[in-house]
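What follows is a single structure, written as structure tokens, with notes after it.
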Amino acid sequence: MRRVLPLAPAFALLALLLLASPAAAVNPDEQLPDPAQEARAVELSRELRCVVCQNQSIDDSDAALARDLRIILRERIAAGDTDKQAIDHIVARYGSFVQLRPPVRGDTLALWFGPLGVLVLGGVGAYLYIRSRTPAAAAALTAAEEAEAAELLKTDKAD
Amino acid sequence: MKRILFILPVVGFAVLLGVFFAGLGRDPRALPSAFVGKPLPAFQAPPVREGDAGLSNTDFQRGEPVLLNVFASWCGPCRVEHPVLMRLRAQGVAIHGLDWKEDAAAGAKWLVDNGDPYIRVGSDPTGRTGIEFGVAGVPETFVIDRHGKVRYRHVGAVTSDVWETKLRPLMEELRSEP
């Protein structure tokens, strides 16, 4: 028992590390007092691209503008906006580029369905190719060929 | 027919390569404004220069196209474009300014030290006014038509080259619009 105990602090530390959630850039002073609203704000800010760093969400980004947008998002939520209204508020100012999940629209159809189209095209191509390679059913042997085959098989056995 | 099918993937690859290569030269920050074709939202920015009226969205209905330059004294590229703006102002181009994310005093000092190219200039210490029309950083320059609608957004410094190739042709086109 005493031999195991020295490892206990290490395991406790490991357990705590596993429990820790990934760090976000949100500062305590930005957070909303209502945990439910704060959870919504975090959820929504993960969907919004930071226009300064571009490949980070405003939840991840340390850019000053990302902080401003997090605060604006929280103000909208505290003011009673629905999720969609809050997102639209930001999109109206920065364009749909800020949506990390682009909406399905006329100009995003290629983005959403292009890969599927390529897959279907490739599938059809592969199907046609494989079908063209399958040999036609072998024709029946003629009597002469039959006799020759029998001869060959016989000599085979004799070896 | 068969041969075409075999060439198709190669052609597809070449097209993709072309698209990616063309994309290499594009500035990912040069996004079109969400306000192109729309008027600026209503705003009222307090003055930078002591004793004047600041800048409001109604200042853009001047009957002529106007540049809206978003700047700050802490911004490096603004230093680069400043002499260009001074020259444009001397040539009679209408320019309004918005001093983004700094105290009016710092903006005022910048204008005293480096010259003042602006007709009207507003202070936006929190950055909230700029955020209302999608400013992502400084410098940014918006081209506003004679009816107060946003027509173009340039991200980064206005160099002589940017003025000659992009902004001037657009301003001239807007001037001849009804």
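In what follows, chains carry the letters A, B, and so on, assigned in the order in which the sequence lines appear, proteins first and then strands, with residues in each chain numbered from 1. None of these values were measured; they are calculated from a predicted model.
- Of all heavy-atom pairs spanning A:I72 and B:I131, the tightest one is CD1-CG2, 3.5 Å.
- Around CD of B:E164, the count of heavy atoms belonging to other residues, nucleotides or ligands within 6.0 Å exceeds 12.
- The same ILVMFWY cluster, assembled from side-chain heavy atoms under 4.5 Å apart, contains both B:V158 and B:W110.
- Residues of residues 19-49 of chain B that come within less than 4.5 angstrom of chain A, heavy atom to heavy atom, are B:P28, B:R29, B:L31, B:A34, B:F35 in numerical order.
- Residues B:L170 and B:V66 do not share a hydrophobic cluster, clusters being chains of Ile/Leu/Val/Met/Phe/Trp/Tyr side chains in contact below 4.5 Å.
- Tracing side-chain contacts under 4.5 Å through hydrophobic residues (I, L, V, M, F, W, Y), one reaches A:L109 starting from A:W112; they form part of the same cluster.
- Both B:L174 and B:L67 belong to a single network of hydrophobic side chains, linked directly or stepwise wherever heavy atoms of I, L, V, M, F, W or Y lie under 4.5 Å apart.
- In the hydrophobic cluster analysis, where Ile, Leu, Val, Met, Phe, Trp and Tyr join through side-chain heavy atoms closer than 4.5 angstrom, B:V138 is grouped together with A:V52.
- Two residues are said to be in side-chain contact when any heavy atoms from C-beta on lie closer than 4.5 Å; A:D68 and B:T126 fail this criterion.
- Scanning residues 73-92 of chain A against chain B with a 4.5 Å heavy-atom cutoff picks out A:E75, A:V91, A:A92, ordered by number.
- Residues of residues 83-102 of chain B lying under 4.5 angstrom from chain A, judged on non-hydrogen atoms, are B:W100, B:K101 in numerical order.
- Applying a 4.5 Å heavy-atom cutoff, the residues of residues 94-105 of chain A that approach chain B are A:Y94, A:G95, A:F97.
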